[in-house]
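Okay, so here's the structure we're looking at.
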2 protein chains.
Amino acid sequence: MEALFQHMERYIKLREEDKVLLSGALSLREVKKKEHLLEEGRLCPYNYFVSKGCCRLYYVNDKGIEHTVQFGIDGWWITDLMAYVGGQPSGYYLQAVETGAVVLWDRRTEDALLQQIPALERYFRLVLLRSAAAEQQRNRYLSDFSGEERYHHFNNSFPEFVQRVPQYMLASYLGFTPEFLSKIRARKA
Amino acid sequence: MEALFQHMERYIKLREEDKVLLSGALSLREVKKKEHLLEEGRLCPYNYFVSKGCCRLYYVNDKGIEHTVQFGIDGWWITDLMAYVGGQPSGYYLQAVETGAVVLWDRRTEDALLQQIPALERYFRLVLLRSAAAEQQRNRYLSDFSGEERYHHFNNSFPEFVQRVPQYMLASYLGFTPEFLSKIRARKA
DNA sequence: CAAAAAACTTAATCTATTCCAAGAAATGGT
DNA sequence: ACCATTTCTTGGAATAGATTAAGTTTTTTG
C-alpha cells in the first residue's frame with residue numbers, strides 16, 4: 001500500500017488524512033504465482049495497482065491461443081478497461097506471473113473517493129496520459145518492426161525482464177508464436 | 001469551439017465564466033484538406049480537438065512507407081502524446097484528411113487553465129480513460145484478426161467512414177498494403 | 001476541358017511467420 | 001529423489017501478405 005502512496009506522491013501531494021481515507025477504502029491482495037485476479041466472463045469492477053511482483057493481462061482467442069496484451073510490473077495500473085468502464089463481463093484474464101501483491105481500486109467507491117480527495121482526479125489523469133503515450137509507442141513498434149526486430153529491441157531494452165517471464169508469454173506479447181521465438185534465439189547463438 | 005464545450009459538458013459542468021476563460025485561452029484553427037498540423041521533427045506542444053472534419057496521425061518509416069496510427073473525427077482528441085508530454089521533437093505527422101477545424105489545447109497554458117477550472121482535470125481523466133479503453137480493444141482486433149477480417153469488421157462497423165477516406169490510408173490504418181486491400185475488395189465482388 | 005497528379009487494380013514472384021508434430025529439457029510437487 | 005507437468009527446441013510443409021512493376025481509373029489543377 002505504501003508503494004501506491006509513493007507513486008501518487010510523484011504527481012500530487014497527499015495529506016495524512018488522505019492516506020487514512022485511502023487505506024480504509026482500498027484493499028491489498030496478495031497473489032500467488034499463476035493465480036488469476038480476473039477471468040473471462042466475470043465482471044471487473046476493479047483497477048489493479050501492482051505493488052509487488054508482476055501481472056499480465058491476456059485473452060484467449062477462439063482457437064484457444066493466449067495473447068498477452070499487457071504486463072504490469074510494480075508501479076503500474078492494469079485492468080480490462082472496457083469492462084471496468086462499461087460494467088460488462090470481461091473478455092480477459094488477469095494473472096499473477098510472480099507471487100506478489102496488488103491494490104484494488106474499486107469502481108463502486110471511486111466517485112466518493114474522488115470527491116473526498118480531488119487531487120486524485122489529477123493523479124489518474126497524469127497516469128492515464130503517460131500510459132496512453134507509452135501505448136502509442138508500443139503500437140508503433142508492433143506495426144513497424146518485424147517479429148524478430150521486436151524481440152531484439154525488447155531484449156535490449158529490458159534484459160532483466162526477459163529473464164523473469166516464461167518465453168511463451170513473451171512471444172504472445174511480442175505478437176508471434178513460441179516456436180518462432182525459439183528459432184530467433186537459435187539463430188543468434 | 002462550441003463543439004468542444006458540448007463535449008466537455010457530457011462529462012462535467014461548465015459555468016459561463018469557464019467558457020469565457022476557455023475561449024480566451026484556446027485557439028481555433030481552420031485546416032484545408034491535406035494540410036499538416038504537425039510534421040516530423042517539429043515540437044508538438046498541442047493537443048488537438050477535432051471540431052469539424054477528420055484528421056489522421058501517421059508516421060513514415062525508414063522505407064518511406066506511411067503508417068496511419070489514428071483517425072480523429074469530430075469529437076476526438078488527437079496528438080503525438082510522447083512529444084506532447086515529453087517536449088521532444090515529434091516522430092509523427094498530423095494531417096487534415098478533410099477540410100475542417102480543430103481547437104488547439106496548449107501544453108504551456110495547461111497548468112494555469114486546470115487551476116482556474118479544476119473540473120477539467122476530471123474531463124481529461126474521463127476522456128483519456130475512454131480512449132485507452134478503445135485502444136485496448138483496437139489492439140485486440142489488430143492482434144487477433146487477419147488483415148481480411150479486420151477490413152470486413154471495420155467496414156461493417158463504420159461503413160460511412162470507409163467512404164470518406166482514401167483506401168491507402170485505410171489500408172495503412174488496418175495494417176496492410178493498399179494492394180492487399182484491393183485484392184480483398186475484388187474477392188468479395 | 002485537357003494535362004498532370006493521385007489513387008486504385010491486377011498479376012507474378014517472394015518471404016516472414018505459422019502450423020504441425022515429435023522430442024528434449026527444465027521445473028514443481030510430494 | 002522421482003514422476004508429472006510445463007516449457008522449450010527443431011525441422012519441414014503450408015500460407016497470409018509483401019513486394020515489384022505495369023497499367024487503369026479517378027481527381028485535381030491551371
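All heavy atoms count here, side chains included; hydrogens, waters and symmetry mates do not. Each chain gets a letter, A, B and so on, in the order its sequence line appears, and its residues count up from 1.
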Step through the shown structure and confirm whether more than 12 heavy atoms of other residues, nucleotides or ligands are within 6.0 Å of CD on B:E16. no
Whole-Å distance separating the [atom1] atom of [X] from the [atom2] atom of [N]:
X      : N      : atom1 : atom2 : value
B:L174 : D:dG17 : CG    : C1'   : 14 Å
A:L181 : D:dG11 : CG    : P     : 16 Å
B:H67  : D:dG17 : NE2   : P     : 15 Å
A:F145 : C:dT17 : CZ    : C1'   : 18 Å
B:E35  : D:dT28 : CD    : P     : 16 Å
B:M169 : C:dA7  : CE    : P     : 7 Å
B:E148 : D:dT15 : CD    : C1'   : 13 Å
B:R185 : C:dC8  : CZ    : C1'   : 10 Å

How large an angle, rounded to 10°, do the end axes of the helix from C:dC1-D:dG30 to C:dT30-D:dA1 enclose when each is built from five base pairs? 70°
Contact under 4.0 Å: [X] side-chain N or O vs [N] OP1/OP2:
X      : N      : value
B:Q167 : C:dA6  : no
A:K33  : C:dG29 : no
B:K34  : D:dT29 : no

Are B:N47 and B:T79 linked by a side-chain donor-acceptor pair shorter than 3.5 Å? no
From the set [options], return the single nucleotide nearest to any side-chain atom of [X].
X      : options                : answer
B:F176 : C:dT10, C:dT17, D:dA18 : D:dA18
B:T177 : C:dT10, D:dA18, C:dC19 : D:dA18
B:S182 : D:dG17, C:dT17, C:dT9  : C:dT9
B:F180 : D:dA18, D:dT10, C:dT18 : D:dA18
A:Y168 : D:dC8, D:dA21, C:dT18  : D:dC8

Parallel, tilted or perpendicular: which one describes the rings of A:Y11 and A:H7, with boundaries at 30° and 60°? perpendicular
Sidechain N-carboxylate O distance under 4.0 Å for [X], [Y]:
X      : Y      : value
B:K183 : B:E148 : no
A:R138 : B:E135 : no
B:R122 : A:E110 : no
A:K19  : A:E9   : yes

Review item, side-chain donor-acceptor pairs of residues 54-62 of chain A, under 3.5 Å, at least two apart:
unit_1: A:R56; atom_1: NE; unit_2: A:Q95; atom_2: OE1; d: 3.0
unit_1: A:R56; atom_1: NH1; unit_2: A:E66; atom_2: OE1; d: 3.2
unit_1: A:R56; atom_1: NH1; unit_2: A:T68; atom_2: OG1; d: 3.0
unit_1: A:R56; atom_1: NH2; unit_2: A:E66; atom_2: OE1; d: 2.9
unit_1: A:R56; atom_1: NH2; unit_2: A:Q95; atom_2: OE1; d: 3.1
unit_1: A:Y58; atom_1: OH; unit_2: A:H36; atom_2: NE2; d: 2.8
unit_1: A:Y59; atom_1: OH; unit_2: B:S143; atom_2: OG; d: 2.8
unit_1: A:N61; atom_1: OD1; unit_2: A:K63; atom_2: N; d: 2.9
unit_1: A:N61; atom_1: OD1; unit_2: A:G64; atom_2: N; d: 3.2
unit_1: A:N61; atom_1: OD1; unit_2: A:I65; atom_2: N; d: 3.0
unit_1: A:N61; atom_1: ND2; unit_2: B:D144; atom_2: OD1; d: 2.9

Find which nucleotide of DNA chain D each of A:K183 and B:E179 is nearest to by heavy atoms, and output the residue with the more 5' nucleotide. A:K183
First encountered from the 5' end of DNA chain D, between B:I65 and A:P166: A:P166
